[in-house]
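Below: one structure, written as structure tokens.
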Amino acid sequence: MDLIKKNTVVFISGRGSNLLNLIKFSKKKNSPISINLVLSDNPKANGLNYAKKYNIEYKIVNYKNKKEFEKKVKDYLIKKNICFICLAGFMRVLSENFIKFFKNKIINIHPSLLPKYKGLNTHERVLKNKEKFSGCTVHYVTKKLDSGKIILQSKTKITRGETIHSLAKKVRKLEHIIYPKSIDKIFKKNN
Ligand code: GAR
């Protein structure tokens, strides 16, 4: 029997390398998700080019007022029958109400080994603190920033002469492995 894929939206704000990776993953026969919509708060997000390239509907929602933004987004996701939300470099913090409405349906990728280095500028802070390792985490989104249940993590060693740029690149590579794996883990755990 063919798998019924979950209608998914990916929220982005910028580059979109995770989006591209998730699009490729979603095209696989056994992937549990189909990406039906890409949502960006930034009209200049490079990730929008991937939505265009793969003919995926995209929506740019202007973020002036959080309440208005979330109302628009929520109504649209309901209209489109979206049941799963992947945050992929989406740089806004969602409200408790929004998260509650989509309880256990929103996941995020964060470029650190949570619970360490929540928030912004993770690589910079990791290097400043002379950490030996860093990595990335996929987790459920809850009202407390970067604190929801962890789905998967991946770790990398920090080498001598590591820069923010080199670390970000290394971590992104790991992100591209664990984001799809996390989605598989969520939807295939009972199979
Ligand atoms: C990724 O490294 C992701 O972990 C990070 O933004 C980058 C987006 O890259 N997310 C956060 O910092 C969320 N707080 P991408 O646009 O190439 O996917």
Side-chain angles (χ1 to χ4, degrees), residues 8-27 33 35 37-54 56 58-61 63 66 69-70 73 84-96 98-99 102 106-129 131 133-158 162-183 185:
T8 299
V9 60
V10 182
F11 283 20
I12 60 165
S13 297
R15 182 192 296 106
S17 73
N18 278 288
L19 167 66
L20 176 62
N21 185 55
L22 289 180
I23 292 174
K24 289 181 178 164
F25 166 68
S26 72
K27 302 268 177 209
I33 60 162
I35 297 175
L37 183 66
V38 171
L39 190 134
S40 177
D41 62 324
N42 170 13
K44 294 198 175 116
N46 176 63
L48 291 168
N49 293 318
Y50 300 130
K52 289 175 198 163
K53 182 172 171 201
Y54 285 89
I56 297 170
Y58 62 90
K59 202 165 168 64
I60 299 158
V61 184
Y63 192 104
K66 188 170 185 155
F69 171 87
E70 290 188 347
V73 172
F84 192 55
I85 302 172
C86 295
L87 309 186
F90 181 66
M91 303 312 275
R92 306 277 181 185
V93 177
L94 296 165
S95 76
E96 188 178 346
F98 188 91
I99 294 166
F102 293 102
I106 314 175
I107 64 172
N108 179 42
I109 184 129
H110 184 77
S112 80
L113 292 170
L114 291 174
K116 287 176 117 179
Y117 301 101
K118 297 171 185 173
L120 298 175
N121 306 317
T122 53
H123 305 312
E124 194 182 332
R125 289 185 284 137
V126 162
L127 293 177
K128 223 181 207 164
N129 286 346
E131 295 282 359
F133 295 94
S134 191
C136 50
T137 306
V138 178
H139 64 95
Y140 284 100
V141 173
T142 55
K143 64 180 180 185
K144 254 179 115 189
L145 184 71
D146 298 329
S147 300
K149 189 174 168 221
I150 291 172
I151 302 159
L152 284 178
Q153 282 187 316
S154 184
K155 191 170 164 181
T156 184
K157 209 170 173 183
I158 292 173
E162 196 85 78
T163 62
I164 295 175
H165 182 75
S166 67
L167 181 57
K169 208 169 154 188
K170 249 161 58 174
V171 168
R172 237 178 356 254
K173 251 189 170 163
L174 299 177
E175 293 184 1
H176 296 169
I177 297 168
I178 66 164
Y179 214 162
K181 269 195 179 165
S182 301
I183 294 170
K185 189 175 171 193

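Numbering of ligands and ligand atoms starts at 1, following listing order.
Here NZ of K149 is found 15.0 Å from CG of L114. Values are rounded to the nearest 0.5 Å. In this structure, CG in N129 is found 11.0 Å from CD in E124, a value given to the nearest 0.5 Å. We find the CG-CD1 distance between N21 and I178 to be 11.0 Å, quoted to the nearest 0.5 Å.
Qualifying side-chain hydrogen bond (donor to acceptor under 3.5 Å, both in side chains) partners for T156, counting only residues two or more places apart in sequence or in other chains: none. Residues forming a side-chain contact (heavy atoms from CB on, under 4.5 Å) with I60 (at least two apart in sequence, or on another chain): P43, L48, Y58. Evaluation of the side-chain hydrogen bond (donor to acceptor under 3.5 Å, both in side chains) rule for N121 yields no partner, not counting sequence neighbours.
Enumerated by chain and number, the residues approaching ligand 1 to less than 4.0 Å through a heavy atom are R15, G16, S17, N18, G89, M91, I109, H110, P111, R172, E175.
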